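Naming: A, B, ... by sequence-line order, numbering from 1 per chain. When reading the values below, keep in mind they use all heavy atoms of this one structure, side chains included, and skip hydrogens, waters and symmetry mates. The structure presented is a predicted model; accordingly, all values stated were derived computationally and were not measured.
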There are 2 protein chains.
Amino acid sequence: MPSTLPRIDDSRQRVLDTVLALFSTHGYFATSLQDISRESGVSIGSIYHHFGDKEGIASTLYHTLSEQMTARLDRVNRKNGSVHDKCRAIVKMLFDMTEAEPLVMNFMLYAKHKEFLPGEPPICSSKPFALMRDIVRMGMETGEIRRMDLMVASTSLFGGPIRMIMARLDGVLPAQLSRYLDEVWECAWRSVAAD
Amino acid sequence: MPSTLPRIDDSRQRVLDTVLALFSTHGYFATSLQDISRESGVSIGSIYHHFGDKEGIASTLYHTLSEQMTARLDRVNRKNGSVHDKCRAIVKMLFDMTEAEPLVMNFMLYAKHKEFLPGEPPICSSKPFALMRDIVRMGMETGEIRRMDLMVASTSLFGGPIRMIMARLDGVLPAQLSRYLDEVWECAWRSVAAD
DNA sequence: GTCTATATTCGGATAGAC
DNA sequence: GTCTATCCGAATATAGAC
């Protein structure tokens, strides 16, 4: 009765779904508004009404996905006890997400936001990455992770897994990421674990 | 006497230097041929004469830098004995290169080649990365590196250092990369070293 | 809010003189 | 090999009816 439940702006969402696919496969600049209009079934005029301009579409998409990712990280973070378990769960979540929603992962990791979202801070400074660093910091305080520069620890711990994700997105991995999880995690954790 | 010695095509090289800077800062699509012409001092007609079209410029630049990188990797590879030393020297070389020629590194790591070089294979399949994997494979044969999936080992060993480079290029590292080399390498090597 | 038609700008590419 | 001038298509964005 309070009316609006699943009745989200339908055309808005259709456009966002469409641009995710188009940006991920062809890139931002190679995607024209005509493409977006045709694929989404929403007229150009309507698109401008909702998003202002082309950059507005990309910006909306980016923030939506970024928040979604942050929320997932938060949930994983709260559900797990030790820093070791938290981080492993994060890697597993990222791997699963890559297989389930490769387009999302592709956009988040690969899209050169700087080129079409000039105002946005670099991806390493974004909320999700900051959260991951916070967990690593905690790991040093609890003694699970060796004391060292925080950035070094973060990149060492998550750098390998992230490159595996990129390899998978590039289509150069023969099997699903889950197949590699144990080995990848073993390496990642060894790199920073206290002796 | 055999004539042409340092007399490299001057305008050709000027264009390549210019586009490296422009592509790295503004991206391929945001760089127009007018920009290139203005910054390089070479006329548009001349540019087309040399490179055919805009993609040709990017392609030439990419292959030039890729070969340059491969040559350096080769030299480092031959100059060092153990796989451990080879890999450490590679990371050091990449770090030094990032500080000395950030634009080159930026283009090689960050440029979304897929978007403007459709024919090119993904960066992980490129010559430099293949060479790095070869060395890792050798490490498993000599027993320096634990037996595991080759891709996992490669991404684990070089993933951390590469993310550090990206962080540096993004301007989120306070100090030069050399400052972090020891710590980064310690982590990287631990991740794959035999016990 | 949605659409169609249209304006305007811009950038890649070419022609052709020198 | 280098340059200037120009063409042409395409893409963003707008106007304005419904």
Could you check how far [atom1] of [X] sits from [atom2] of [N], rounded to whole Å?
X       : N      : atom1 : atom2 : answer
A:Ile36 : D:dA11 : CD1   : P     : 11 Å
B:Ile44 : C:dG12 : CD1   : P     : 8 Å
B:His50 : C:dA13 : NE2   : C1'   : 17 Å
B:Ile47 : D:dT4  : CD1   : C1'   : 14 Å
B:Glu55 : C:dG12 : CD    : C1'   : 12 Å
A:Leu33 : C:dT6  : CG    : P     : 19 Å
B:Arg38 : C:dC10 : CZ    : P     : 13 Å
A:Gln34 : C:dT4  : CD    : P     : 12 Å

Is B:Ser11 near enough to D:dT2 that one of its side-chain N or O atoms lies under 4.0 angstrom from OP1 or OP2?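 Yes, within the criterion.
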Tell me whether the side-chain N/O atoms of B:His49 come closer than 4.0 Å to OP1 or OP2 in D:dT2.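 So the side-chain polar atoms of B:His49 never come under 4.0 Å of the phosphate oxygens OP1 or OP2 of D:dT2.
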From [options], nucleotide with atom closest to [X] side chain:
X       : options                : value
A:Tyr48 : D:dT14, D:dA11, C:dG12 : D:dT14
B:Val42 : D:dC3, C:dA13, C:dG11  : D:dC3
A:Ser43 : C:dC3, D:dT12, C:dG12  : C:dC3

Check whether B:Tyr28 forms a cation-pi arrangement with B:Lys112 (NZ or CZ under 6.0 Å from the six-membered ring centre, at most 45° off the ring normal).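 The answer is no, since B:Lys112 fails at least one limit relative to B:Tyr28.
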Could you verify whether a donor N or O on one side chain and an acceptor N or O on the other, from B:Gln34 and B:Ser32, lie under 3.5 Å apart?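 The answer is no; no qualifying pair exists.
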Which is true for A:Ser37 with a 4.0 Å heavy-atom rule: it touches a base, it touches only sugar-phosphate, or it touches nothing?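 A:Ser37: no heavy atom of the nucleic acid under 4.0 Å.
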Base, sugar-phosphate, or nothing for A:Ser46, non-hydrogen atoms under 4.0 angstrom?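 Base contact.
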Please check if the number of heavy atoms outside A:Glu55 that lie under 6.0 Å from its CD is greater than 12.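 Yes.
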Once you measure the plane-to-plane angle for B:Phe23 and B:Phe116, does it fall in the parallel (<30°), tilted (30-60°) or perpendicular (>60°) bin?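 If you compare the ring of B:Phe23 with that of B:Phe116, the planes turn out tilted.
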Assuming nearest nucleotide by heavy-atom distance, tell me which of A:Ala30 and A:Gly52 is located more 5' along DNA chain D.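 Nearest nucleotide further toward 5': that of A:Ala30.
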Of B:Lys54 and A:Gly45, whose nearest nucleotide on DNA chain C comes first from the 5' end?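 That would be A:Gly45.
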Between A:Glu144 and A:Arg88, does at least one N-O distance fall below 4.0 Å, as a salt bridge requires?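 No, no charged N to carboxylate O under 4.0 Å.
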